[in-house]
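Protein chains get the first letters and strands the later ones, always in sequence-line order, with residue 1 at the start of each.
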Amino acid sequence: MKIIEETPYRYRIEQEGAMRVPGIVYATKSLLPDERNDMALTQVANVATLPGIVRASFAMPDIHWGYGFPIGGVAATDVDDGGVVSPGGVGFDISCGVRLLVARDLARERLEPSLRAVMDHLDHAIPRGVGTKGVWRVRDRATLEGVLSGGAQYAVQQGHGVPEDLQRCEDGGVLAGADVAAVSGRAIERGLDQVGSLGSGNHFLEIQAVDRVYDAAVATGMGLTEGAVCVMIHTGSRGLGHQICTDHVRQMEAAMARYGITVPDRQLACAPVESPEGQAYLGAMAAAANYGRANRQLLTEAARRVFEAHTATTLDVLYDVSHNLAKIEQHPVDGETRTLCVHRKGATRSLPPHHPDLPADLAEVGQPVLIPGTMGTASYVLVGVGDNPAFFSTAHGAGRLQSRHAAARGTNADVVRRDLEHRGILVRGSSRRGIAEEKPEAYKDIDEVIEASDRAGLARKVVRLIPLGVVKG
DNA sequence: ATGTGC
């Protein structure tokens, strides 16, 4: 594999062999994975062989090894030119994403005396851990179908939130095209009682405060002045999305030969977007996306109740955006507008100012891009910029440096918790193993990832947030 | 990520 440094923030993997386009990795020298013993760059090259891929196989500065596609990968295929959709390009946690809430008129100093109490109440109010039930125990199939078709919009219609919440959600809180018939009975079964739950791993709900402001005009417009208190929610579609990914990978593995598609890694199983298998996956994926959005809406309500009871203020939605999704979008390719299937896996959509999919009140500033760090480090809000070649995509987090196993081997939950509390960060975990696996040192430096994203021209920094309390999945 | 693994 030949890698060329194009700029200090962009590397090109030369097109060779079965690759249909080059690979483009946005990273600094220190963030770039080691090409000899890291699988992630090989995955970027593998993705470049997919039928219909256009422009390049992209990777964001938080790139690391994933299932088939790298995490931090972006690939767009031309729908009208045999372009494929691949479940591995979305990942197992379909529509995993981030929602940021801003506490109305609550500065950090005013929260601090009651922070411990608020965290104890969140500890009770936020269900989390593997296999847990959510705050909304959906008992009947009709209600779950409402969630799968209507997402956060349906949740609000059912009384879980206010209409203003939806204006600040990607796609108004509901992704069109959900096909409940493409969701297996097993996936439905797993989804029934998990709406409004965090899950595990890197999922969390954090109380944060604005620590640094980079663009005062944009930040003020978003209510993000220095010291402002926020709540960040990071979760996805739980067991339902996982089951849908499993089901459709299996179906596509069986179908690929029929379409004459060969891929260098069986984890890149795919089918043409315009095939029954491609359409079934996209329909089920949209259903999982809506489940993920309803999930974040229910957790918003749970956190809101705690803040309203214990801080005498409420929480407003700043934005909700997914970083694991494939979407049908229009983009120019070689001077012509084409319909593309844009896979973002561990990559945040980042629309520039005046993009037609933005709500009117964000038209001037662009889409808020929400990027969490680790439980001990900063998170960021950025905004989309106009000349992003990666189909308006940015990093999604710090990116793992160590495997879960390696991270847990070097420490334990008590050590990690003590380290964090020493720095004034309260932790409410769900499993000791999970706390150890999620230690901040297991990840890349989020400040460096954000700096690289900003300098590479993928998005622009607005504010830096630091954690005050972490409710960990 | 996941009722964590054939």
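Counting to the nearest Å, the C1' atom of dT4(B) and the CZ atom of F92(A) are 11 Å from each other. Between the C1' atom of dT2(B) and the CD1 atom of I94(A) lies a distance of 12 Å, rounded to the nearest Å. As a whole-Å value, the separation of E189(A) CD from dT2(B) C1' is 16 Å. What separates CG of L198(A) from C1' of dT2(B) is a distance of 15 Å, to the nearest Å. In this structure, the CG atom of N324(A) is 13 Å from the C1' atom of dT2(B), given to the nearest Å. Between the CZ atom of R128(A) and the C1' atom of dT4(B) there is a distance of 19 Å, given to the nearest Å. In this entry the distance linking NE2 of H203(A) with P of dT4(B) reads 16 Å, nearest Å.
Note on Q194(A): only backbone sugar-phosphate atoms sit closer than 4.0 angstrom, heavy atoms only; bases stay farther off. Within the 4.0 angstrom heavy-atom criterion, base atoms lie near R186(A). Here G201(A) lies in heavy-atom contact (under 4.0 Å) with sugar-phosphate atoms only.
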Please tabulate, for the side chains in residues 150-158 of chain A, all donor-acceptor contacts under 3.5 angstrom to protein atoms that are two or more places apart in sequence or on a different chain.
none

Side-chain donor-acceptor pairs of residues 172-183 of chain A under 3.5 Å, sequence neighbours excluded:
from: D179(A); atom 1: OD1; to: A181(A); atom 2: N; distance (Å): 3.1

If you look only at distance, which donor and acceptor atoms sit under 3.5 Å apart when one is on a side chain in residues 61-74 of chain A and the other is two or more places apart or in another chain?
from: D62(A); atom 1: OD2; to: H396(A); atom 2: N; distance (Å): 3.0
from: D62(A); atom 1: OD2; to: H396(A); atom 2: ND1; distance (Å): 2.5
from: D62(A); atom 1: OD2; to: G397(A); atom 2: N; distance (Å): 3.1
from: H64(A); atom 1: ND1; to: D62(A); atom 2: O; distance (Å): 3.0

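Within residues 238-250 of chain A, the residues approached by DNA chain B to less than 4.0 Å at the level of any non-hydrogen atom are R238(A), G239(A), H242(A), in residue-number order.
For residues 391-401 of chain A, the salt bridge (charged side-chain N to carboxylate O under 4.0 Å, His left out) pairs, not counting sequence neighbours, are R400(A)-E438(A).
No option in R296(A), K327(A), R344(A) other than K327(A) meets the salt bridge (charged side-chain N to carboxylate O under 4.0 Å, His left out) test with E170(A).
Residues passing the side-chain hydrogen bond (donor to acceptor under 3.5 Å, both in side chains) test with T143(A), sequence neighbours excluded: D140(A).
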